[in-house]
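First up is the structure itself, then whatever we jot down about it.
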Amino acid sequence: MKLNQRILTSAILILLGLVIAMVPENTTRPYKLTPQQMVEEISIGTEMIQPDELADWLINNDPTLQLIDVRDPDAFDQFHLPGAVNIPLKDLLSDEWVDYLDQDVKMNVLYSNGTTKAHNCWMILDQLGYENNYVLQGGLNYWVETILNPQKPGAAVSDDELARYDFRKGASQALGGGIQTASPAVDKPKKAKPPVKRRKKKKAPEGGC
Amino acid sequence: MGPLFPQEIISGNWNLFLAFIMGILFGFILEQAGFSSSRKLVGVFYGYDTVVLKVFLTAAVTAMLGLLYFSLFGWIDLSLVYVNPTYLWPTIVGGIIMGVGFIMGGYCPGTSLCASAIGKIDAMFFFGGIFIGIFFFAEGYPLVKHFYMSGFMGAPKAYELLGISGGVFALLVIIAAALMFWGGEWAEKKFPREEY
Amino acid sequence: MRLKHMNPYLAGVLLGLTLLLTFFISGRGLGASGAVKKVLVAAVATAAPEHAAESAFYSKYSGVDKHPLRAWLVFEMLGVAIGGFLSGAIAGRLKFRNEHSPKITSKRRAVLAGIGGILFGFGSQLGRGCTSGSALTGMAVLSLQGFIAMMSIFGTAFIMAYFFRKNWI
């Protein structure tokens, strides 16, 4: 006997419809990296930015630099680095900030008081496939210690270390630190900035007649 | 993973080439289903042939289910799939004008090209008429522009208005489609017509 | 020899899978009337470039950076013509003929088809898509617009069917 085509079609479609009506919608955002890739990325440590590098870009008013403060708004209001935007950890995934975090124009440097919180944020962003995000090594605590209040090294130190001290002293002055001295920074450590990676842009869907 | 082109997994040229291939499949299936015959197409409005109803609804429901399942399995990112924006009033009035055109001309744009390709002369007249109709619209655009932009609601999904999930809504559409298939086959028996 | 038409449910499933594949590849659905628009825009831009540049309608679709014919729908519709021809050739349906009810003349059928085309062309622009681009594709993505368009097109045709019955049956 030939099965009625209409009943067969209707039955299969209704069955598939019942299943799809009962399962919840898939709203997960795909994570892009495997644990192995993550381990490799972290062990290389290219996501870390040293305070000296950051100070250099800040003094030069590098337009491609975007500082992102992941601490609470209260802490942000008390003190933050110049030009930083406040994206607290709990708002990291809100749509409001996607344009800041998922982009290929600027280099984002995340910071918190220490390294941990900023690094946690970076790991989430990295998993989501967002590029051009970095973490300030040591966070604000280390920043204040090294850049804003540099300690004069003892007598028996290398020239390198003296030069670094001079730079920090200058940076401290330029960035509003505690110690004011006369000598401006002349010898800046030249370090290449990580390049901003051009990411494959998703196109806005097009269609219609 | 998908959709491929919006994520630049394939290039623009590939996208156009595959559009051509998809078009071949589209045209082939339309012709195979009998959509190259105006009297078969309008049969749905008189009950003697409801092939349009069956093919159209089965296709819409199949693609609808496919998208929902693909999204469930994570094979396609639905936020990158184009959703037609809703301009309420122009859609309704445009639909009414198209409905009258449908019952007078016996085709719609896609089927008229498909039928023209196998030599249907009425389809060629219809296809030519589309050019004139769009030309009228283009020339009269400043006059209708205000209406054309009216009733804008963004690009809502139908189920969002009802406050139910996409899956439940799809199930309701499928049940409605199954009822219409049943009604269609009933009508074919009631209004039989041989050789047209 | 003329072959029979495909089972409508099978054809529907295949058409649905084609549409699904289109979404997967291009992130958009099938369409038809948009291709005619693109061809028309290209023709007007060639024949009367000044008029096309001034017009609010043509200038939307034409410009220095985009050629109106380098469009997804234009390539798709080229395929539709070829696909329809192939199917007709396989099934033995290639034949020049004007299909009409025996109760009306061939000329009347041609005029009605032409008027129907004009209305469909105009309506598809006002309604932002035809049966394929708006109703079928719109329903597949569950867009509100697709369901409104479907009900509006088929509902009107169903209501008007009575007045045009002599042309068909």
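Since the structure is predicted, the reported quantities are computational estimates derived from the model, not experimental observations. Below, read A as the first sequence line, B as the second, and so on, with proteins coming before strands; counting in each chain starts at 1.
In this structure, B:Phe20 and C:Met77 have side chains that are not in contact, with every pair of non-hydrogen atoms separated by 4.5 Å or more. Two residues are said to be in side-chain contact when any heavy atoms from C-beta on lie closer than 4.5 Å; C:Val36 and B:Phe127 meet this criterion. At least one side-chain heavy atom of C:Thr18 sits less than 4.5 Å from a side-chain heavy atom of B:Ile29. Residues B:Met98 and C:Leu119 are not in side-chain contact: their nearest non-hydrogen atoms beyond the backbone lie 4.5 Å or more apart. At least one side-chain heavy atom of B:Leu16 sits under 4.5 Å from a side-chain heavy atom of C:Arg70. By the 4.5 Å heavy-atom criterion applied to side chains, C:Val141 and B:Tyr82 are not counted as neighbours.
Interface remark: of the candidates B:Thr62, B:Ile134, B:Leu78, B:Val55, B:Ile134 forms the most heavy-atom pairs closer than 4.5 Å to chain C. Contact tally against chain C (heavy-atom pairs below 4.5 Å) for B:Lys54, B:Lys157, B:Gln32: the top residue is B:Gln32. Chain C forms more heavy-atom pairs under 4.5 Å with one residue of B:Leu4, B:Ile92, B:Ile97, B:Asp122 than with any other, namely B:Asp122. Chain C forms the most heavy-atom pairs under 4.5 Å with one residue out of B:Leu68, B:Ile96, B:Ile76, B:Leu25, and that residue is B:Ile96. The residue among C:Gly146, C:Gly114, C:Gly127, C:Gly123 with the most heavy atom pairs within less than 4.5 Å of chain B is C:Gly123. If you tally non-hydrogen atom pairs under 4.5 Å between each of B:Phe28, B:Phe17, B:Phe136, B:Trp75 and chain C, the highest count goes to B:Phe28. For the set C:Ile82, C:Val44, C:Leu20, the count of heavy-atom pairs under 4.5 angstrom toward chain B peaks at C:Leu20. Among C:Gly16, C:Gly155, C:Ala43, the residue with the largest count of heavy-atom pairs under 4.5 Å with chain B is C:Gly16. Taking chain C as the reference chain and counting heavy-atom pairs below 4.5 Å, the highest number among B:Phe125, B:Phe147, B:Phe137 is found for B:Phe137. Per-residue counts of heavy-atom pairs under 4.5 Å with chain B were compared for C:Val13, C:Ile25, C:Leu15; the largest is that of C:Ile25.
In this structure a side-chain-to-backbone donor-acceptor pair under 3.5 Å is present from C:Arg109 to B:Gly105. Although no hydrogens or angles enter the test, the distance criterion places no donor-acceptor pair under 3.5 Å between the side chain of B:Thr58 and the main chain of C:Gly12. Judged by distance alone, the side chain of B:Asn84 and the main-chain N or O of C:Ala135 form no donor-acceptor pair under 3.5 Å. A distance-only check finds a donor-acceptor pair linking the side chain of B:Tyr46 to the backbone of C:Ala161 [under 3.5 Å]. At distances below 3.5 Å, at least one donor-acceptor pair connects side-chain atoms of C:Arg128 with backbone N or O atoms of B:Tyr148.
The two residues B:Ala63 and C:Ala140 make their nearest non-hydrogen contact at CB-CB, 3.7 Å. Shortest non-hydrogen contact noted between B:Ala117 and C:Ala81 is CB-O, 3.2 Å. Between B:Pro109 and C:Ala32 the shortest heavy-atom distance is CB-CB, 3.8 Å. The two residues C:Gly88 and B:Glu31 come nearest to each other via the heavy atoms N-OE1, 3.5 Å. Closest approach of C:Phe164 and B:Ile103 over heavy atoms only: CD1-CG2, 3.6 Å. Heavy atoms only, all atoms of each residue included: C:Gly116 and B:Phe126 are closest at C-CE1, 3.5 Å.
Proximity to chain C (any heavy atom under 4.5 Å) is shown, for B:Ala155, by neither the backbone nor the side chain. Looking at C:Ile115, the atoms closer than 4.5 Å to chain B (heavy atoms on both sides) all sit in the side chain, from C-beta outward. Within the 4.5 angstrom heavy-atom criterion, only backbone atoms of C:Ala71 (N, CA, C, O) approach chain B. With a 4.5 Å cut-off on non-hydrogen atoms, B:Ser38 touches chain C through its backbone and its side chain both. Using a 4.5 Å cut-off between heavy atoms, B:Pro142 makes no contact with chain C at all. For chain C, the nearby parts of B:Val100 are the backbone and the side chain; heavy atoms of each come within less than 4.5 Å. The part of B:Phe169 that comes within reach of chain C is its side chain, from C-beta onward, which places non-hydrogen atoms under 4.5 angstrom from that chain. Looking at B:Ile21, neither its backbone nor its side chain comes within 4.5 Å of chain C, counting heavy atoms on both sides. In this structure, the portions of C:Phe23 lying under 4.5 Å from any heavy atom of chain B include both its backbone and its side chain. With a 4.5 Å cut-off on non-hydrogen atoms, C:Ser101 touches chain B through its backbone and its side chain both. Only the side chain of C:Met150 comes within contact range of chain B, with at least one heavy atom under 4.5 Å from a heavy atom of that chain. Both the backbone and the side chain of B:Phe26 come within contact range of chain C, judged by heavy atoms closer than 4.5 Å. Residue contact with chain C, scored on non-hydrogen atoms closer than 4.5 Å, involves the backbone and the side chain of B:Phe135 alike. With a 4.5 angstrom heavy-atom cutoff, B:Leu18 touches chain C only via side-chain atoms.
Between atom CG of residue C:Leu40 and atom CD1 of residue B:Ile132 there is a gap of 10.0 Å, rounded to the nearest 0.5 Å. Between C:Leu144 atom CG and B:Leu88 atom CG the span is 7.5 Å, to the nearest 0.5 Å. Rounding to the nearest 0.5 Å places OG of C:Ser87 at 9.0 Å from CG of B:Leu30. Remark: B:Glu160 CD to C:Ser143 OG distance equals 10.5 Å, nearest 0.5 Å. Going from atom CG of B:Leu113 over to atom OG of C:Ser132 covers 10.5 Å, rounded to the nearest 0.5 Å. Considering OG of B:Ser36 and NE2 of C:His5, their distance stands at 6.0 Å, rounded to 0.5 Å.
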Worked verdict on B:Glu139 versus C:His51 for side chain to side chain contact (heavy atoms under 4.5 Å, CB included):
CA-CA 10 Å; B:Glu139 295 302 320; C:His51 177 63; 2.9 Å; yes
Under the criterion side chain to side chain contact (heavy atoms under 4.5 Å, CB included), I'd like the reasoning laid out for B:Val61 against C:Met139: C-alpha separation, chi angles, the key distance, then a yes or no.
CA-CA 8 Å; B:Val61 165; C:Met139 279 171 70; over 6 Å; no
With side chain to side chain contact (heavy atoms under 4.5 Å, CB included) as the criterion, how do C:Lys95 and B:Lys120 come out once you've worked through the C-alpha distance, each side chain's angles and the decisive distance to 0.1 Å?
CA-CA 7 Å; C:Lys95 191 184 168 194; B:Lys120 291 284 169 69; over 6 Å; no
Residue pair C:Leu142, B:Met64: steps toward the side chain to side chain contact (heavy atoms under 4.5 Å, CB included) verdict
CA-CA 7 Å; C:Leu142 296 170; B:Met64 186 189 293; 3.6 Å; yes
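The aromatic rings of C:Phe154 and B:Phe45 sit tilted relative to each other, their planes meeting at an angle between 30° and 60°.
Ion pairing between a basic and an acidic side chain is recognised when a charged N comes within 4.0 Å of a carboxylate O; C:Glu99 and B:Arg39 show no such pairing.
For C:Phe158, the CZ atom sits in a loose shell: 12 or fewer heavy atoms of surrounding residues, nucleotides or ligands are nearer than 6.0 Å.
Aromatic ring centres of B:Tyr141 and C:Phe57 lie closer together than 6.0 Å.
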